Trainee: 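Before I ask anything, let me first share the structure, which is written out below as structure tokens.
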Amino acid sequence: MADSKREIERKYESADSGLPDLTGVGGVAAVVDKGVAHLDATYYDTGDERLAASSVTLRRRTGGSDAGWHLKFPIAPHVRDEIHAPLSDTLPDDLAALVRSRVRDSELLPVVRLRSDRDVRHLLDADGLLLAEVSLDTVRAERLTGRGGTAQWTEIEVELADGGDPALLDKAEKRLRKAGVRPSASSSKLARALEETAPGKRRRTAPAREPVTAADHVLAYARTQRDAIVELDPAVRRDAEDAVHSMRVAIRRLRSTFKSFGEILDRTATDPVGDELKWLAGELGLDRDREVLTDRLKAALDEVPDNLVRGPVAERLHSWSSAEHRGARGRLLGVLDSRRYLTLLDTLDALLADPPLLKAAGKAPRKPITRAVRKDFRKVSGLIGRAADLKPGTDRDAALHEARKKTKRTRYAAEAAEPVLGKPAKTMVKSMKALQNLLGEHQDSVMARQALRELSAVAHAAGESAFTYGLLHEREEQRAVRAEAELPGFWEEIKDGATDL
């Protein structure tokens, strides 16, 4: 079973003078010598170093207090999530799954071996509690691929203790700088090893070209969403908070991009990919939608006075919510391990590497991108007008739901347009987000009422009172009525604000 922790640390180039004294820095009352540990780590990656390109590290290490397999994902500068699994001869399945979106069918190979002599100090406060660990690492690197170069260096590493105050790192760095120590130019030992052991002079990545054409801007936005899907995959597998929602949003943004900018990217090529993205978003949403709806109904039930709650309503709601949740997690993991999903990722890579460009793709971006956003906005306008002409009921509900979906697409098109159109696009994003929220409130009410009717029928069949379900249904209906009443004036304001686009 893999364990996870948040790692906050900083690395520094080390001179021969060793570790400066950090006593008195940021509440450090004592510096305790913990001796020297001898670490031997083999780092794994694909032949084209996909993990390193994403600043992800995977290693098998012996020696020290945490021997085993370590997988690290970047979170922010100096911050990584580390997943640790016990020492074994082969990569544990848990960790293999977490790199699958990047590795896919490629073989993981040993690429670098690092042997380190780690001289460790613990920084303790006046009560003897650990604040941070400081080490002086003498590192010997050996490349295990190609012609096998070697390198050697010494570095200082300061790692914050669990729950420690990050301000301590700033204070420690100030003391280190006074002692002549400077931050490392490499983000990790592996990055430095790959740089210094590369055969010949390691090729530096060319700086990204600034977007010029319409296609440049659209593809930049699309690639950002593709990257988000790949990067969020491990978080979804680990059931991290909001990971499923964030991945669904990236999928929707990418699918909308293909639809909105059909004048730039040939839809005969992108539509089949869009269909697969729709499938993936649907699979991710099976449990998420019920979870959101459950939270809404629980909050509504909390507002009902106790004397109006008839029967085991909370228990019935819990049973309804958990009925499908039990199998949803396994189903989702199966989807992420499926051949269909991995093929979709490969297809996205191929399409964005060699995009199906149309004539407008090579033109200056303002006109074709403006046309795309305006076209989506007109669709929203038509759907809002159609809904207004319908009587309240299922047909109007369906029309407003369709308007909400087109509102999302317009919002995402405007997001892609922001670097080109500036403030008008930013205003459109804000307006579409607000409209999306209003229409979302209406649609959530529709779905809540449907669920309440189902719950009421089950309760009635069990001989329980259906009174409270009817009360909640009425309140949800009133919420929808308020949303519908607010829409006309809200929409007029949006139309007035869209004239600059």
Side-chain angles (χ1 to χ4, degrees), residues 252 255-256 259-260 278 281-282 285-286 288-290 292-301 303-304 308 313 317 320 373-414 428 430-461 465-499 501:
R252 287 167 172 165
R255 183 166 176 255
S256 293
K259 286 181 175 295
S260 294
K278 182 180 181 180
L286 288 176
R288 168 69 180 175
D289 290 342
R290 177 167 289 227
V292 171
L293 189 53
T294 300
D295 289 344
R296 181 184 180 97
L297 293 177
K298 284 181 177 179
L301 183 60
E303 295 176 359
V304 176
L308 296 181
V313 181
L317 178 58
W320 173 82
V373 178
R374 285 175 176 169
K375 182 179 180 181
D376 282 344
F377 184 77
R378 286 195 298 272
K379 290 180 180 178
V380 174
S381 181
L383 288 166
I384 295 290
R386 177 175 176 270
D389 292 336
L390 296 172
K391 294 180 179 180
T394 55
D395 287 344
R396 178 186 279 187
D397 292 343
L400 290 174
H401 181 45
E402 190 64 25
R404 181 188 180 213
K405 291 191 290 185
K406 293 298 187 293
T407 298
K408 287 182 182 179
R409 185 193 298 181
T410 306
R411 173 187 170 185
Y412 300 148
M428 178 65 74
K430 184 177 180 180
S431 297
M432 291 298 98
K433 184 176 180 179
L435 179 59
Q436 178 185 326
N437 289 338
L438 179 61
L439 295 174
E441 170 66 13
H442 183 274
Q443 177 63 14
D444 288 348
S445 172
V446 172
M447 299 306 296
R449 279 177 279 156
Q450 178 180 321
L452 287 166
R453 289 192 293 270
E454 294 174 3
L455 287 165
S456 175
V458 173
H460 178 74
S465 171
F467 172 81
T468 305
Y469 303 104
L471 175 63
L472 292 172
H473 188 284
E474 172 62 21
R475 291 186 176 186
E476 284 292 350
E477 191 166 32
Q478 290 305 311
R479 293 172 76 170
V481 169
R482 288 194 294 271
E484 290 185 25
E486 186 180 349
L487 180 59
F490 193 81
W491 176 243
E492 287 302 318
E493 290 182 12
I494 289 177
K495 287 196 299 183
D496 290 343
T499 55
L501 188 65

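Positions are given from 1 along the sequence. These numbers were taken from a predicted model, which means no experiment stands behind them.
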Trainee: Once you round to the nearest 0.5 Å, how far does CD of Glu476 lie from CG of Leu297?
Mentor: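 Rounded to the nearest 0.5 Å, the CD-CG separation comes out at 6.5 Å.
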Trainee: Between Asp397 and Gln443, what is the shortest heavy-atom contact and its length?
Mentor: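 The answer is O-OE1, 4.3 Å.
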Trainee: Could you grab the distance from atom NZ of Lys259 to atom CZ of Arg409, nearest 0.5 Å is fine?
Mentor: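 Atom-to-atom, Lys259:NZ and Arg409:CZ are 5.5 Å apart.
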Trainee: Write down the atom of Val373, the atom of Ala413, and the distance for their closest heavy-atom approach.
Mentor: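 The pair with the smallest heavy-atom distance is CG2-O, 3.8 Å.
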Trainee: Could you name each residue pair satisfying salt bridge (charged side-chain N to carboxylate O under 4.0 Å, His left out) that touches residues 373-395, not counting sequence neighbours?
Mentor: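 Sorted result for residues 373-395: empty, none.
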Trainee: Rounded at 0.5 Å granularity, tell me how far CG in Asn437 sits from CE in Met432.
Mentor: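 Between Asn437 CG and Met432 CE, I get 11.5 Å after rounding to 0.5 Å.
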Trainee: At what distance, to the nearest 0.5 angstrom, does NE2 of His401 lie from CG of Asp444?
Mentor: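 Between atom NE2 of His401 and atom CG of Asp444 there are 10.0 Å.
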Trainee: So, taking the atom named CD in Glu402 and the one named CG in Leu439, what distance separates them when rounded to the nearest 0.5 Å?
Mentor: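 If we round to the nearest 0.5 Å, Glu402:CD and Leu439:CG are 11.5 Å apart.
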Trainee: For a quick test of reading the model, state the closest non-hydrogen atom pair linking Lys406 to Leu383 and the distance between them.
Mentor: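 Result for this residue pair: CG-CD1, 3.4 Å.
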Trainee: Would you confirm whether Ser260, through its side chain, and Thr410, through its main-chain N or O, come within 3.5 Å as a donor-acceptor pair?
Mentor: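 Flag not set: sc Ser260 to bb Thr410 has no pair under 3.5 Å.
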Trainee: Is there a donor-acceptor pair closer than 3.5 Å between any side-chain N or O of Ser381 and the backbone N or O of Phe377?
Mentor: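 No.
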Trainee: Under the criterion side-chain contact (heavy atoms from CB on, under 4.5 Å), I'd like the reasoning laid out for Arg296 against Glu441: C-alpha separation, chi angles, the key distance, then a yes or no.
Mentor: CA-CA 11 Å; Arg296 181 184 180 97; Glu441 170 66 13; 3.1 Å; yes
Trainee: For residues 482-494, which side-chain N or O atoms pair as donor and acceptor with protein atoms under 3.5 Å away, sequence neighbours left out?
Mentor:
| from | atom 1 | to | atom 2 | distance (Å) |
| --- | --- | --- | --- | --- |
| Glu484 | OE1 | Arg396 | NH1 | 2.5 |
| Glu484 | OE2 | His442 | NE2 | 2.7 |
| Glu492 | OE2 | Lys495 | NZ | 3.2 |

Trainee: Report the distance from atom CG of Leu308 to atom CZ of Phe467, rounding to the nearest 0.5 Å.
Mentor: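 Nearest 0.5 Å value for the CG-CZ distance: 5.0 Å.
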Trainee: Anything under 3.5 Å between a donor and an acceptor, one on a side chain of residues 446-457, the other on a protein residue two or more places apart or in another chain? List them.
Mentor:
| from | atom 1 | to | atom 2 | distance (Å) |
| --- | --- | --- | --- | --- |
| Arg449 | NE | Ser445 | O | 3.2 |
| Arg449 | NE | Ser445 | OG | 3.3 |
| Arg449 | NH2 | Ser445 | OG | 3.4 |
| Arg453 | NH1 | His473 | NE2 | 3.0 |

